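Single-structure report; data block below.
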Number of protein chains: 2
Amino acid sequence: MGHTVLTVTKSPISVANRDDVARGRRAPQARTRVVVADYSSISRAGIRSILERSPSTAIVDEAKTYDAVLASVEEHAPDVLIIDLDLGDDTNKGLLVCNTVAERFPNTKILILASSVSELIVIEALRRGALGYMIKSQTTSDELIKAVRAVQEGETAFGKGIGALVSKNFGAPHSVTEQLTERELDVVKLTAQGLGNKQIAHSLFISESTVKFHIHNASIKLHTRKRAELVHRATAAGIIK
Amino acid sequence: MGHTVLTVTKSPISVANRDDVARGRRAPQARTRVVVADYSSISRAGIRSILERSPSTAIVDEAKTYDAVLASVEEHAPDVLIIDLDLGDDTNKGLLVCNTVAERFPNTKILILASSVSELIVIEALRRGALGYMIKSQTTSDELIKAVRAVQEGETAFGKGIGALVSKNFGAPHSVTEQLTERELDVVKLTAQGLGNKQIAHSLFISESTVKFHIHNASIKLHTRKRAELVHRATAAGIIK
DNA sequence: GGGCTACCTGTCCATATGGCTAGTACTCAT
DNA sequence: ATGAGTACTAGCCATATGGACAGGTAGCCC
């Protein structure tokens, strides 16, 4: 279905809209104002391109660092923040952004658009105020647009498979997910690189017993009993690369 | 820099071009014809959006399955195929696509646009005829456009960090990378889920010795001696999810 | 048939890992 | 300052894992 563009309106907002304002479908009334936070230029371009086809949304800004996200939300007070929690370094930081935005800017609804699924991250993000969670690779244009509309109206939006995770963890006691400590992280990273306890102990200047202790605790936090799965889950959660 | 769209040309090719033909910058002379293969709608939209800004490229088709890629390359004989090797199931299939395209359609240059870096995959893809390898999350719009131009002209294009991998493996004897067999894959997957040899043996109806045998062989192929690293590498290579 | 490969099984033994208990150092709120 | 909580350190012991053997079956290609 090819579309025809007739005119163009000069936009007051940087590169925020191209022909979307010009569709002539209706006057530029109340639009959902969106900030897109994603480290990848390609993803940002994709999200922009998709949302620009929808006359009900307008992208007011983009961000590619955690700081920039916060600054942008503060400046633009968007209706919806679309964010990939993994903005380069640490997914934990992404979770903190959820906290901050949810607390300080309750009018900005958070829609997570993640690169991968991790039960850990999903549950924790929702717990911290995100309303939606979609997986980039499994989200069609229409689904994305619908998800934005949903969270904008205060509803939830879950991508394929996410809903099941959510309901599974519905009655979960308290924090199903806990953060790994610095030391635990160090140890898990080295484990992923194939080092044994002895070698890890040596390279971190601690005893082998301590290495085992950290791995043990990290394992408890990620609900597993095997190093292989520990590494796998940590990777899936974006905790290690 | 807002641009102005004045007219639209009806395109013979489905959704292949929007306003790109209509930019009016110059006559639609020799353009680099591109097919984009990516499972993610968002990525495809992003790549399209970026390349449409370049007057020297035109996207003639999109594909989201391995079969569709081959069909599309056959039908459109593009100058460049931009592909994410991981089209859903198995990255191995992506590598096969490289083989096929490089052999049967030598005029189509292959540019890999991967979600993650894996030494394994990088080296293997280049060995099989890909000319460029970029990482989605670390590729800017300009870099993407330049990379397309480069491979179209028969040059190579490597994203951040990829060049180093390539030169490191320059004088590598023969196949640094080997494929895992079906059975090895089964075992590695279960290992990633935290099963022990005994449990794996039971769930695959084979003996524990055999499990160890497969893990041992898979470990050799992925150059490691620890299950944890085996799982990590297999994950990084996209061999398991 | 001979040379491949994938797949399967076993034993023996050294080492790595996981589960347990116990103790230290430090922060924080009472 | 006292008690609670948390990160960290440590030693002991059963089990899991990895390495080096030494085999056997079936299918495929030349």
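Just so you know, these numbers use all the heavy atoms, side chains as well, and skip hydrogens, waters and symmetry mates. Bear in mind that the values here come from a model prediction, so they are computed numbers and not experimental data. Chain A is the first sequence line, chain B the second, and so forth, proteins listed ahead of strands; every chain is numbered from 1.
Near DNA chain D, defined here as any heavy-atom distance below 4.0 Å, there are no residues from residues 184-193 of chain B. Across residues 197-210 of chain B, B:Asn197, B:Lys198 each have a non-hydrogen atom less than 4.0 Å from an atom of DNA chain D (numbered order). Applying a 4.0 Å cut-off to non-hydrogen atoms, the residues of residues 227-235 of chain A that approach DNA chain C are A:Arg227, listed by residue number.
Here A:Ser116 pairs with nothing under the side-chain hydrogen bond (donor to acceptor under 3.5 Å, both in side chains) rule; sequence neighbours left out. For A:Ser72, the side chain to side chain contact (heavy atoms under 4.5 Å, CB included) partners are A:Val35, A:Asp61, A:His76, not counting sequence neighbours. Not counting sequence neighbours, the partners of A:Lys136 by the salt bridge (charged side-chain N to carboxylate O under 4.0 Å, His left out) test are A:Asp38, A:Asp84. For A:Thr156, there are no side-chain hydrogen bond (donor to acceptor under 3.5 Å, both in side chains) partners at least two apart in sequence or on another chain. Applying the salt bridge (charged side-chain N to carboxylate O under 4.0 Å, His left out) test to B:Glu74 and every residue at least two apart in sequence or in another chain returns B:Arg104. Taking B:Asp67 as the reference, B:Thr65 meet the side chain to side chain contact (heavy atoms under 4.5 Å, CB included) condition, with sequence neighbours excluded.
Going from atom CG of A:Asn217 over to atom P of D:dA7 covers 8 Å, rounded to whole Å. B:Ile215 places its CD1 atom 13 Å from the P atom of C:dC8, with the value rounded to the nearest Å. Distance CD (A:Glu182) to P (C:dC26): 19 Å, rounded to an integer number of Å.
Listed by first and then second residue, the side chain to side chain donor-acceptor pair (under 3.5 Å) pairs involving residues 181-194 of chain B are B:Thr181-B:Glu184, B:Arg183-B:Asp186, B:Glu184-B:Lys221 (not counting sequence neighbours).
A heavy-atom distance below 4.5 Å is not found between the side chains of B:Leu96 and B:Tyr66. Residues B:Tyr133 and B:Ile123 are not in side-chain contact: their nearest non-hydrogen atoms beyond the backbone lie 4.5 Å or more apart. A:Leu165 places a side-chain heavy atom less than 4.5 Å from the side chain of A:Val117.
Annotation for A:Lys64 and A:Tyr39: closest pair O-CD1, 3.7 Å, computed over non-hydrogen atoms. Scanning all heavy atoms of the two residues, the minimum distance from B:Thr108 to B:Ala77 falls at OG1-C, 4.1 Å. Of all heavy-atom pairs between A:Ser40 and B:Ser137, the closest is CB-CA, 3.7 Å.
Using a 4.0 Å cut-off, some side-chain N or O of B:His214 falls inside it from OP1 or OP2 of C:dC8.
In this structure a side-chain-to-backbone donor-acceptor pair under 3.5 Å is missing from B:Thr224 to B:Glu229.
Relative to the axis of its first five pairs, the axis of the last five pairs of the helix from C:dG1-D:dC30 to C:dT30-D:dA1 sits at 40°, rounded to 10 degrees.
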Full working for side chain to side chain donor-acceptor pair (under 3.5 Å) between B:Asn99 and B:Arg127: CA-CA 9 Å; B:Asn99 275 345; B:Arg127 204 183 293 275; over 6 Å; no
Pairs: protein N or O with nucleotides 19-23 of chain D N or O, under 3.5 Å:
residue: D:dG19; atom: OP1; partner: B:Arg225; partner atom: NH1; Å: 2.9

